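None of the values given here were measured: they were computed from a predicted structure.
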Amino acid sequence: MRHLIDPTDLTREEIEQIVALGEDIIAHREKYREACKGKKLATLFYEPSTRTRLSFTAAMMELGGDVLGFSNANSSSVTKGESVADTVRVISSFADIIAMRHFKEGAPLVASQYATIPVINAGDGSHAHPTQTLTDLLTIKREKGRLDHLTIGFCGDLKFGRTVHSLIKALSRYEGVNVILISPEELRLPDYMLQEMQAYSNLTFREVRTMEEVMPELDILYMTRVQKERFLDEEEFDRVKDSFVLDTEKMKVAKNDMIVLHPLPRVNEITREVDKDPRAAYFRQVENGKFVRMALILTLLKYAEKAPAEGAAPRYSEPFEINRHVCHHHSCISQTEDVDQLFRRSEDGTLRCAYCETRLK
């Protein structure tokens, strides 16, 4: 049984196969119209979503399958105290594959340990969003023709932006990728990711404080929202906010073939005038999300047919250290549900919670 919980669950070759399948679906949509006839996708969305939930729904429907599930935790048995583990055990009897979004980090990992059908992480807290990463990679491939030898600037909230974290992990496997991190001090990429990028990845990177100083270098600008609510000092927010708004004036110094990506929704970080620029790829990016999720659903269902789930739950995908340590991160699923405390040891010897990646102190 294969699941997609983190971008690193797929090898570089597997990612490229999914991206290639997405491109084939775009070119030959009729060929896939009944590829999932008789199959059901369960969308378990414990927090609000527009693009991701509807993208999964549209993907399964275009494959000829059916969709069931819920779009709000208040309409499920979670209001009665049902655990993630029990929910997916039940849903495994009704569906063939699950797409889950949850406000707690690590919830999809828990689901994968108890489900007897494939589980796709559709976003867990500020941790990971691997299907957005696949969307981004398909978009980059279609727009730029390659996934290597690129300079990409990530701008805005890099601390809590799960889409940023996931895409950086995926790009770390490619040669010649130069990452420029553009954010206020308060929203810098987490230290553990900076350390891992420096020690173990192929990426080169640097941090800057304004997009103007790097715009001419970029092949890709990946925008995210600078969130006012993350600032304790409103004056500090007012001081930095305009540095992270993309407008037509800033676009003047960018390369003619640079593309602008955004996971959406946007608020005011990209002005409406930029939408008219052919380099604005974020709405094309949304449509690519449907096609790459079609490819992912097909891929995971084929894996499930070849290797169904075996053994008693919970089933662990790697040799964790189990119940020897305790995670105290407030957003971790282990803080609110009765699950095993799982830790994995990094290459540098440090222990990190398997659910939320918090480092053990």
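Counting heavy-atom neighbours within 6.0 Å of Asp338 CG, excluding the residue itself, gives a total of 12 or less. Around the NZ atom of Lys31, the shell of radius 6.0 Å holds more than 12 heavy atoms that belong to other residues, nucleotides or ligands. Heavy atoms from other residues, nucleotides or ligands lying under 6.0 Å from NZ of Lys159 number 12 at most. Annotation for Glu34: atom CD does not count as buried by contact number, only 12 or fewer foreign heavy atoms lying within 6.0 Å. Crowding of Arg142 atom CZ: a count of heavy atoms from other residues, nucleotides or ligands under 6.0 Å not exceeding 12. More than 12 heavy-atom neighbours from other residues, nucleotides or ligands sit within 6.0 angstrom of CD on Glu13.
By the 4.5 Å heavy-atom criterion applied to side chains, Leu167 and Phe154 are counted as neighbours. With contacts defined as side-chain heavy-atom distances shorter than 4.5 Å, the pair Leu194/Glu207 qualifies. A 4.5 Å side-chain heavy-atom check between Val260 and Met251 finds at least one atom pair inside the cut-off. Between His262 and Ile270, some side-chain heavy-atom pair lies under the 4.5 Å cut-off.
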Next item on the list: For the pair Glu105 and Arg162, evaluate salt bridge (Lys or Arg N to Asp or Glu O under 4.0 Å) and give the outcome as yes or no after the intermediate values.
Entry: CA-CA 10 Å; Glu105 297 176 15; Arg162 60 190 172 197; over 6 Å; no
Next item on the list: Assess whether salt bridge (Lys or Arg N to Asp or Glu O under 4.0 Å) is satisfied between Glu217 and Arg206, documenting all intermediate values.
Entry: CA-CA 13 Å; Glu217 303 176 45; Arg206 73 181 194 270; 2.7 Å; yes
Item checked: Residues Glu357, Lys169; criterion salt bridge (Lys or Arg N to Asp or Glu O under 4.0 Å); working and verdict -> CA-CA 13 Å; Glu357 297 192 46; Lys169 284 184 179 181; 2.6 Å; yes
Checklist line | Stepwise side-chain contact (heavy atoms from CB on, under 4.5 Å) check, Ile120 with Ile5 | finding: CA-CA 6 Å; Ile120 301 170; Ile5 307 304; over 6 Å; no
Notebook entry, point to check: Arg2 and Asp9: salt bridge (Lys or Arg N to Asp or Glu O under 4.0 Å), yes or no, with the steps?
Noted result: CA-CA 9 Å; Arg2 294 289 299 274; Asp9 291 341; over 6 Å; no
Note to self: Run Arg101 and His129 through side-chain hydrogen bond (donor to acceptor under 3.5 Å, both in side chains) and show every step you take.
What the structure shows: CA-CA 9 Å; Arg101 170 167 289 187; His129 197 346; 3.0 Å; yes
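One hydrophobic cluster, built from ILVMFWY side chains closer than 4.5 Å, cannot hold both Leu351 and Tyr316; they sit in different ones. Residues Met1 and Phe320 are members of separate hydrophobic clusters, defined by side-chain heavy-atom contacts under 4.5 angstrom among Ile, Leu, Val, Met, Phe, Trp and Tyr. Cluster annotation: Leu54 and Leu41 are assigned to distinct hydrophobic clusters (Ile/Leu/Val/Met/Phe/Trp/Tyr, side-chain heavy-atom contacts under 4.5 Å, transitive). Hydrophobic clustering places Tyr32 together with Val19 (ILVMFWY residues linked when any side-chain heavy atoms are closer than 4.5 Å, directly or through intermediates). When the side chains of ILVMFWY residues are joined at heavy-atom separations under 4.5 Å, either directly or via intervening members, Leu360 and Ile322 end up in two distinct hydrophobic clusters.
Taking each heavy atom of Asn323 and Asp340 in turn, the nearest pair found is ND2-OD1, 3.1 Å. Nearest heavy-atom pair across Thr11 and Arg173 is C-NH1, 3.1 Å. Of all the heavy atoms in Phe94 and Leu68, the pair that sits closest is O-CD2, 4.0 Å.
Between the Ser166 side chain and the Thr163 main chain, no donor and acceptor come within less than 3.5 Å of each other. Judged purely by atom type and a 3.5 angstrom limit, His127 has no side-chain atom pairing as donor or acceptor with the backbone of Cys356. Using a distance-only test at 3.5 Å, with no hydrogens or angles considered, a donor-acceptor pair links the side chain of Lys144 to the main chain of Asp257. Judged purely by atom type and a 3.5 angstrom limit, Asn202 uses its side chain to pair as donor or acceptor with the backbone of Ser172. Judged by distance alone, the side chain of Arg209 and the main-chain N or O of Ser183 form a donor-acceptor pair under 3.5 Å. Counting only distance, with no hydrogens or angles, the side chain of Asp219 and the backbone of Thr151 share a donor-acceptor pair below 3.5 Å.
Not counting sequence neighbours, the partners of Pro190 by the side-chain contact (heavy atoms from CB on, under 4.5 Å) test are His165, Tyr192. Remark: Gln335 pairs with Cys332 by the side-chain contact (heavy atoms from CB on, under 4.5 Å) rule, at least two apart or across chains. Partners of Ala281 according to the side-chain contact (heavy atoms from CB on, under 4.5 Å) rule, which considers only residues two or more places apart in sequence or in another chain, are Glu143, Ile259, Leu261, Arg284. Take Val326 and apply the side-chain contact (heavy atoms from CB on, under 4.5 Å) test, not counting sequence neighbours, and it matches His328, Gln341. Remark: Asp275 pairs with Arg266 by the salt bridge (charged side-chain N to carboxylate O under 4.0 Å, His left out) rule, at least two apart or across chains. Asp247 is linked by a salt bridge (charged side-chain N to carboxylate O under 4.0 Å, His left out) to Lys250, counting only residues two or more places apart in sequence or in another chain. Applying the salt bridge (charged side-chain N to carboxylate O under 4.0 Å, His left out) criterion to Asp96, with sequence neighbours excluded, gives no partner residue. With sequence neighbours excluded, the residues that form a salt bridge (charged side-chain N to carboxylate O under 4.0 Å, His left out) with Arg29 are Glu62. With sequence neighbours left out, the ring-ring contact (aromatic ring centres under 6.0 Å, His included) criterion links His149 to no other residue.
A salt bridge links Asp277 with Arg279: the closest approach of a Lys/Arg side-chain nitrogen to an acidic carboxylate oxygen falls below 4.0 angstrom. With respect to the salt-bridge test (charged N to carboxylate O, under 4.0 angstrom), the residues Arg359 and Asp191 do not qualify.
Side-chain N/O atoms of Thr139 and Asn288 include a donor and acceptor closer than 3.5 Å.
Ring planes of Tyr46 and His102: tilted class, angle from 30 to 60°.
Pairs engaging residues 63-72 under the salt bridge (Lys or Arg N to Asp or Glu O under 4.0 Å) rule: none recorded [sequence neighbours left out]. Within the structure, side chain to side chain donor-acceptor pair (under 3.5 Å) contacts touching residues 293-304 (residues at least two apart or in different chains) are Glu14-Tyr303, Ser55-Arg293, Thr131-Arg293. Legend: salt bridge (Lys or Arg N to Asp or Glu O under 4.0 Å) pairs involving residues 314-336, not counting sequence neighbours, sorted by first then second residue: Glu318-Arg344, Glu321-Arg324, Glu321-Arg345.
With rounding to the nearest 0.5 Å, the separation of CG in Leu171 from CD1 in Ile152 is 5.5 Å. The CD1 atom of Ile25 sits 10.5 Å away from the NZ atom of Lys290 when rounded to the nearest 0.5 Å.
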